[in-house]
Every structure is written in C-alpha cells, then in structure tokens.
Protein chains: 2
Amino acid sequence: MVDVAREAGVALRTVSRVVNQDSTVGPELVQRVRTAIAVLGYRPDERARHLRLGVTGTLGAAVRQLSHVNPVLRAVERAARAADLMVLAASTEDDETLERHVVESMCRRRFDGIVLEPIGDDHGYLVPELEAGLSLVAVDRPVLGLDVDCVLSDNRSGIETAYRHLVRHGHDRIAYIGDDERIYTARERAMAFRECVAAHGGALGTMLHTGQVESGRIREAVRAALAGPAPATAIVTGNAQLSVEVLRQLGTDAVDVALIGFDDSELATLLRPDLTVIAQDTDAIGSTAIEMLRARIADPATEVRKVTVPVELIVRGSGEVPPAF
Amino acid sequence: MVDVAREAGVALRTVSRVVNQDSTVGPELVQRVRTAIAVLGYRPDERARHLRLGVTGTLGAAVRQLSHVNPVLRAVERAARAADLMVLAASTEDDETLERHVVESMCRRRFDGIVLEPIGDDHGYLVPELEAGLSLVAVDRPVLGLDVDCVLSDNRSGIETAYRHLVRHGHDRIAYIGDDERIYTARERAMAFRECVAAHGGALGTMLHTGQVESGRIREAVRAALAGPAPATAIVTGNAQLSVEVLRQLGTDAVDVALIGFDDSELATLLRPDLTVIAQDTDAIGSTAIEMLRARIADPATEVRKVTVPVELIVRGSGEVPPAF
DNA sequence: CCAAGCTGAGATAACGTTATCTCGAAAGGT
DNA sequence: ACCTTTCGAGATAACGTTATCTCAGCTTGG
C-alpha cells in the first residue's frame, strides 16, 4: 500500500480511501491510484484490515463431516451469504478433540461467530471463549451444561408422529433401530420411542435396538426384531444411514414390513415402495441459526434462545404397508 | 497482551515468549505470565500473528457443494491435517461468480494455498492472483487456459474400461447417459464414449444422451435408449447422481439391463444386483492435491504438474448382466 | 473584506503480534 | 583479576490496514 501511495504520489490514507470507495477523493487522484494499483499488482490484505477493524465478517461452521450430505450446512451458507457474511467450514469428524481444535482455531482467528454441531458431553473448553465474547449457536444438538443458543429439531414429536402413524395403520408390534445413544439425537429419539411403547401399554422386548451403525449389528437387530413368535410388522429407523442399512438387510422382504425413516434423503424415492420419512426442516434450522447468531453478534447481551423446529411426516408408501400376520 | 505484561510485571516480548513456549524464560516468570493470562482471560489473536508472520497456516478449499458427498474433500482435509495445516472450505454452488468471490476472499485473507474445483471456462480473474504468488491446485477439472497444477481422474480410460467390460460380456448396443457437456468431466466422458463406439464400428444413434440432470430428461433418455428395433442392452451412466436417476427410471426393468455407473457411492450395494462402478481414487486425488500444494507453497517456482489418477472398475453384478435379445 | 464553513488530502497513531537488537548479570577459563 | 561466553529479559520496530486529527485552500454570507 505504501508503494502504491509513492507510485501515485499520494498519501497512504488516500490509497485506503480509493480502495474503500470513499467519495472524498478527487477523480484525478482516484485514477492515479487505480493505475498505480494495477501497475504494482497490489492486493489488499484482509488480515490487517480485520485487525484494524476488529471484525472479520466471517462465520465459522464446525460440522461433523463437510463431505457428507448436510442440508443444514447448505442453508447456513445461503443465509449467511444473504447477510453478506462469509462462511468458512471445517470438519470435526465426530471427534471431541478435533472439535475443540477447530473451534479454538476459529476463535483465535476472531471469526465473528461460530455455528457448531456439538459432540459429546463436555464443552468446558468453551467457557473462557464465551466469557471472552464468542458468539456461538449450536445446531442439531445442544451444548450440554452450558447456556448457549441452539436450534434443534423436534426429535421426540418426530418419533411420536411416526409411531402414531404406524398404529393408525394397524400396527401393534413396532420396532425401533437407532444410532448410538451417546449421541444426543439418538438418545432423544430412543427415549421418545420407549415412551411411545409404554404409553401404548406394550413391552419393548426385542423391539428396540440402538448402538453404532455397523452392518453386523444392524443385521442382528433386524433379525431379532423380525424373529420369534411376535415379530415386528413395522420398523422405525433412527436416521438416514440406518434406513439404508435396514433396507439393505431387509432385502426382498422390504415390501412386507412397514418402514418409516428419520431424515429425508435423495434415495427415499428410489425404492419400492418409496420411503415414508420424518423430515427435518433443514432450511428453517439453518436460517434460524444464522439469524440467532447475527442477533448475538449485534448484541452479546441478547437473551439465550433455545429453538425447536417442527418436523414433518412425508407419506410415500413404505409407512403405509399394512401389518402382515 | 500488553495488559498481561503489565499484570505479570514483565515485558510484552516475554508474554509472547511464554505463549510460544520459548524456552528462554525463567520458570518463575512463566508462572507469573500464565496466571496473568488466566486472570485476564487473554486469547491470542491469530490475525495479528499471521500478519506479522506472513503465513497463515491455512488452506482454502473452494468446492461445488460443501454439503454434498465429496470424498476428495475429505481426503484433502485429512492430508492437510497431517501436515498441520487448517483447511477452511466454502461452496461455489457451481456458479462462476460465486467461485470468483470465494477465491478472491481467500486470497485477500492470505490463505497459504487454495484447492479449487474450477467451474466454467474463464478463469482470467486468477491471473493477477497467481502473479501475486497465489498457490493453487485444481482438482477434478483443469483450469482451462491457465498453466496451473491440477489433479484429475482418468475419465477417458474409465469410460473405455466400462465399455470394454460390457463388450466382453456380450453387449453390442451400449448406451451412455451423461451430464451436461459444459462440465469438463461430462465432456471428457462423453467424448471418450463416442470414441469407443466409433472404434467398435458402431453408430451412436439413440445411444448417447447428455444434458442437465433432470428427471424428465433422464426419463426420455432411458426410454429412447431402450426403444426401437435395436434397443440398448447395457447403459453406462456419467456420474453417481445419474446412476440413481437412471435406476429410478428403469424401475423393475433394472434387472434386465446391464448397468455400469461412473463414481462409486454408498448406495451401490443397496440395489439388486449391486451396482458395478468405475470408482475414482478419491484418497489419492486429495492427498496428491495437498502434496502438490505444499510443494508449490514451499517453492513457488516448482514446475507445474498435471497429474492423472487412475480409476478402477469395481465388479458387483449390475455390469455383468448378459444382453437380453 | 473577513469570519465561518466546507472539502479534499496528508500525518500520525493505533490494531496485536513477533524479530531483532541490546543489555545486565552470572558463569567459566586463563 | 579480567576477558569472554551464555542466558534471561527488555525496548523498539516492523507487518498492512483504517480512524482521527490537522490543515490548506476554497466558498459563502453578512
């Protein structure tokens, strides 16, 4: 910049004015500075700019896996772009250590705010950051033990809706195959399922299977649910990946068992019959997250909000299969 | 930092030394500084650090869609992490204007290097950045018209392999359904297919369909390929999304037509028969990209390299269906 | 004709780091 | 006892911006 000023024969400050389109610079000087910039190939340095300004115009997104389907992240990017904020994202790989590493990096880079899909139960490392003024919003899962803005799906009512839907279609023995209950959403959904069974006066028996998503385990779970004298006539799956795995295990039996999957996905309409799902409102989650983050950045004293976004049952056929006796 | 120095009763430089674990600080002072840091809640500011240091230890990744399956991006993150570099990613949404916006933002932020999935044919905006010392590596597609490092899959031999495989299984009338040929990879694959047909002395006729991925178009393409007096007995699809769409359109006929898809995907083994695919070596692409980027950052004068990574035929059943006459 | 206001542009001081240089004191060798 | 080395720690000057203050040169109104 100092070179540009010398080349154009103006003061440093004037170059800055031209770069920032300040109107108080005469047209002749603007031209001189412009050509000097072109001649010298000057590129402004945002690091210095952000340092001086205090803000970076950047939001961080720390998500499980960048390279996985994540409609919430897409909505977050869109909403941020509409607000003229840049989103820079990194993966946490569902690893607590890596999450901490990523979030702390973003803090040290003084991102204006962070959208986080939190992992695990211990987020103590966030306390000093929050005290130092970090604006943070958790999506999909809450930050346990800390009073932090968050946007969640209504997992429980999703499960209840699915359960009621199956009951209404005549099912009585409904199984649930879910993810590891150490994960918040998996825990919520499994608990909701237990309550549904209890409310209908049923016994769980072999009707609930949770744990890591792994082919062998899913195979056993499906087999257990469908075996015995009182086999399940319907299955609810805990997330999109599990729907796929369960379908894989069901094979050609898929048409005889009613199935409702948690999470909509592209392949829901690939199968016969098409998959009935509990769909999350990912656009609402993403845009709400950005809206809340912006509010907190604008005024760090804003009251903490915990928003629950409704889910929707999408009827496509697999959930309307009648019970086979 | 200056407050920490005052609190601890030491010089500014000494705080810096403690933060950077410089060994030339006495244990007593280290302790004093540590407690001062804790008391004041001091958080180091990477913006200033990077400004002073010159480098940022950060790579940018500008990809089509963060929130889509992208195994190359995952490999890029892994490889960068192994080299102690942080990757921050943003979506270009397959939009040239947005790509430019994203890349220029990363340049102004002085990222040490950028991994780019380039869009379109005009990357003139990159010229001044490259002259100013930007380290860039293109993945999946080349930067047309510019001499820039890139890592590509061997699209042509992938198509050739698929074609030969089908011929070897007795197929004679093989159709290709591909993506919009304005996209580099789609163009390469379609051209390779045309050459395969020519080399086998066949006529294209209704055997090649390219264009945007859209259900109606795919339906027409599938119908056209399978209609007439000499219908196709085998189909090659141009990418994973097209494999899904084509399968959706084939419906229950899927078992009668041989099918080889470009790109492996999770659902390849969900179907009956499992999908035979041309798989890209995404791990190799990602780690090679990082390796090349690191080499260029270390020495900007490194000769430009264009690497082509082999693809692999994975036989699963759908590509071995014999022709139906 | 002069004080007051406006306008365009320069000088200077931050923003929060780290590299370089300097210096005093302690330690070691002849 | 004196010179040299080593070591710990401070002062100062960058890195590349922008905000604030200043000032010269015009208008403009009474």
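The basis for the numbers below is simple: all heavy atoms, side chains too, and nothing from hydrogens, waters or symmetry mates. First the proteins, then the strands, lettered A, B, ... as listed; each starts at 1.
Residue contacts for A:Val10: at a heavy-atom cut-off of 4.0 Å it reaches the sugar-phosphate backbone alone, with no base atom in range. Across all strands shown, B:Val19 has no heavy atoms under 4.0 Å from either base or sugar-phosphate atoms. Within 4.0 Å of A:Arg43, counting heavy atoms only, lie sugar-phosphate atoms of the nucleic acid but no base atom. Among the atoms of the strands shown, none is found under 4.0 Å from any heavy atom of A:Arg47. Backbone-only contact: B:Thr14 has heavy atoms under 4.0 Å from sugar-phosphate atoms and none from a base.
In this structure, the helix from C:dC1-D:dG30 to C:dT30-D:dA1 shows an angle of 50° between the axis at its start and the axis at its end, each fitted on 5 base pairs and rounded to 10°.
Taking atom CG of residue A:Asp45 and atom C1' of nucleotide D:dT18, one finds them 13 Å apart after rounding to whole Å. Between B:Arg110 atom CZ and D:dG16 atom P the separation is 8 Å, expressed in whole Å. Rounded to an integer number of Å, the gap from A:Met1 CE to D:dC15 C1' is 14 Å. One can place CZ of B:Arg32 at 13 Å from C1' of D:dG8, the figure rounded to the nearest angstrom. Between the CG atom of B:Asn20 and the C1' atom of D:dA9 there is a distance of 15 Å, rounded to whole Å. Following rounding to the nearest Å, A:Arg109 (CZ) and C:dG16 (P) show an atom-to-atom distance of 18 Å. One atom, CD of B:Glu28, and another, C1' of D:dA9, lie 13 Å apart when rounded to the nearest Å. Rounded to a whole Å, the CZ atom of B:Arg49 is 18 Å from the C1' atom of D:dG16.
Of all nucleotides listed (D:dG8, C:dA13, D:dG10), D:dG8 comes nearest to the side chain of B:Thr24. For B:Leu51, the listed nucleotide lying nearest its side chain is D:dG16; candidates were C:dC21, D:dG16, D:dT18. Candidate nucleotides C:dA11, D:dG16, D:dT18 were compared by shortest atom distance to the side chain of A:Leu12, and D:dT18 ranks first.
Between A:Arg100 and A:Glu96, none of the side-chain N atoms (NZ, or NE/NH1/NH2) sits under 4.0 Å from a carboxylate O, so this pair counts as no salt bridge. Here B:Arg64 pairs with B:Asp140 in a salt bridge; the nearest charged N to carboxylate O distance falls below 4.0 Å. With respect to B:Glu188 and B:Arg141, no salt bridge is recorded, no charged nitrogen being found less than 4.0 Å from a carboxylate O.
If you find the closest nucleotide of DNA chain C to A:Gly26 and to B:Val2, the one lying nearer the 5' end belongs to A:Gly26. Nearest-nucleotide mapping onto DNA chain D: of A:Val15 and B:Val25, the residue sitting toward the 5' end is B:Val25.
For the pair B:Asp154 (side chain) and B:Thr308 (backbone), a donor-acceptor distance under 3.5 Å is absent.
Judged by atom type and distance alone, B:Arg52 does not reach the base of C:dA19 through any side-chain donor-acceptor pair under 3.5 Å. In terms of polar N and O atoms assigned as donor or acceptor, the side chain of B:Arg13 never comes within less than 3.5 Å of the base of D:dG8 in a complementary pairing.
Here CZ of A:Arg49 is found 14.0 Å from CG of B:Leu51. Values are rounded to the nearest 0.5 Å.
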(message) Assess the residue pair B:Asp263 and B:Gln280 against the criterion (side-chain hydrogen bond (donor to acceptor under 3.5 Å, both in side chains)); give the C-alpha distance rounded to whole Å, side-chain angles, the decisive distance to 0.1 Å, and a yes or no.
(response) CA-CA 6 Å; B:Asp263 292 339; B:Gln280 304 190 46; 2.6 Å; yes
(message) Set out, in order, the CA-CA distance, both residues' side-chain angles and the distance that settles side-chain hydrogen bond (donor to acceptor under 3.5 Å, both in side chains) for B:Asp22 and B:Thr24, then state yes or no.
(response) CA-CA 6 Å; B:Asp22 188 320; B:Thr24 73; 3.1 Å; yes
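Counting heavy atoms of neighbouring residues, nucleotides and ligands inside a 6.0 Å radius, atom CG of A:Asp299 exceeds 12 of them.
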